[in-house]
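Note that these values count all heavy atoms, side chains included, but never hydrogens, waters or copies made by symmetry.
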Amino acid sequence: QVQLVESGGGLVQAGGSLRLSCAASGGTFENYALGWVRQAPGKEREFVAAINWKNGNAAYVDSAQGRFTISRDRAKSTISLQINDLETEDTAVYYCAADQDGFGPWVEGADAYDYWGQGTQVTVSS
């Protein structure tokens, strides 16, 4: 059973940085895409970034370009999301998610993912 456990959320001032981590277990993930999806209060889930576990190719939502960086550590079976220059609009619960269908254009849809973590809260104050 695939399990995803996020960590690293918290309260940060606008302009600051955070690094979210996700520990993945219960699968080999070789043909998976792993990613981050966020949900702000009163809004639908929104794709943020995804990474091809095998080769490290990444995809980002347009609004995340330049401020968000997704990475993976195959040895530790973790993915991370570095967020710089945080904005109040980044306030959301951030979920780690895994798509067993691999990495393709579909990973940019929040509904593409088969497994989800419990989420970690990121709150950005002005």
Going by distance alone, is a donor N or O of one side chain under 3.5 Å from an acceptor N or O of the other, for Thr123 and Gln121?
yes

Donor-acceptor pair between Thr78 and Asp73 side chains, under 3.5 angstrom:
no

Where do [X] and [Y] come nearest, in terms of heavy atoms and distance?
X      : Y      : value
Lys54  : Asn31  : NZ-OD1, 3.3 Å
Ala110 : Phe47  : CB-N, 4.2 Å
Ser126 : Ala14  : CA-CB, 4.4 Å
Leu11  : Ser125 : CD1-CB, 4.3 Å
Gly8   : Leu18  : O-CD2, 3.6 Å
Ser80  : Ser21  : OG-OG, 3.6 Å

Return the [atom1] to [atom2] distance between [X] and [Y], rounded to the nearest 0.5 Å.
X     : Y      : atom1 : atom2 : value
Leu34 : Phe103 : CG    : CZ    : 11.0 Å
Ile70 : Ile79  : CD1   : CD1   : 4.5 Å
Leu86 : Thr91  : CG    : OG1   : 8.5 Å
Tyr60 : Leu81  : OH    : CG    : 7.5 Å
Asp99 : Tyr115 : CG    : OH    : 10.0 Å
Trp53 : Arg74  : CH2   : CZ    : 7.0 Å

Determine the interplanar angle of the Tyr95 and Trp116 rings, folded into 0 to 90°, and report it as parallel if under 30°, tilted if 30 to 60°, perpendicular if over 60°.
perpendicular

Side chain to side chain contact (heavy atoms under 4.5 Å, CB included) evaluation trace for Thr120 with Leu20
CA-CA 8 Å; Thr120 186; Leu20 308 181; 4.1 Å; yes

Can you hop from [X] to [Y] via hydrophobic side chains spaced under 4.5 Å?
X      : Y      : result
Trp106 : Val37  : yes
Val122 : Val93  : no
Tyr94  : Val61  : no
Val2   : Val107 : no
Tyr32  : Ile51  : yes

Going through the checks in order, is the side chain to side chain contact (heavy atoms under 4.5 Å, CB included) test met by Gln39 and Glu46?
CA-CA 6 Å; Gln39 187 166 24; Glu46 176 191 30; over 6 Å; no

Determine whether a donor-acceptor pair (N or O, by modelled atom type, separation under 3.5 Å) exists between the side chain of Ser77 and the backbone of Ala24.
yes

Determine, step by step, whether Ser17 and Gln82 satisfy the side chain to side chain contact (heavy atoms under 4.5 Å, CB included) criterion, reporting the C-alpha distance in whole Å, the side-chain angles of both residues, the deciding distance to 0.1 Å, and the verdict.
CA-CA 7 Å; Ser17 299; Gln82 177 70 36; 3.8 Å; yes

Quick one, Asp90 with Phe68, criterion side chain to side chain contact (heavy atoms under 4.5 Å, CB included). Give me CA distance, side-chain angles, the key distance, then yes/no.
CA-CA 11 Å; Asp90 296 320; Phe68 290 60; 3.8 Å; yes

Salt-bridge contact Arg38-Glu44 (side-chain N to carboxylate O under 4.0 Å):
no

Answer yes when Arg45 and Asp111 have at least one side-chain N-carboxylate O distance shorter than 4.0 Å, and no when they do not.
no

May I ask you to check whether over 12 heavy atoms, not counting those of Glu87, lie within 6.0 Å of atom CD?
yes

Can you confirm whether Glu30 is buried at CD, in the sense that more than 12 heavy atoms of other residues, nucleotides or ligands lie under 6.0 Å from that atom?
yes

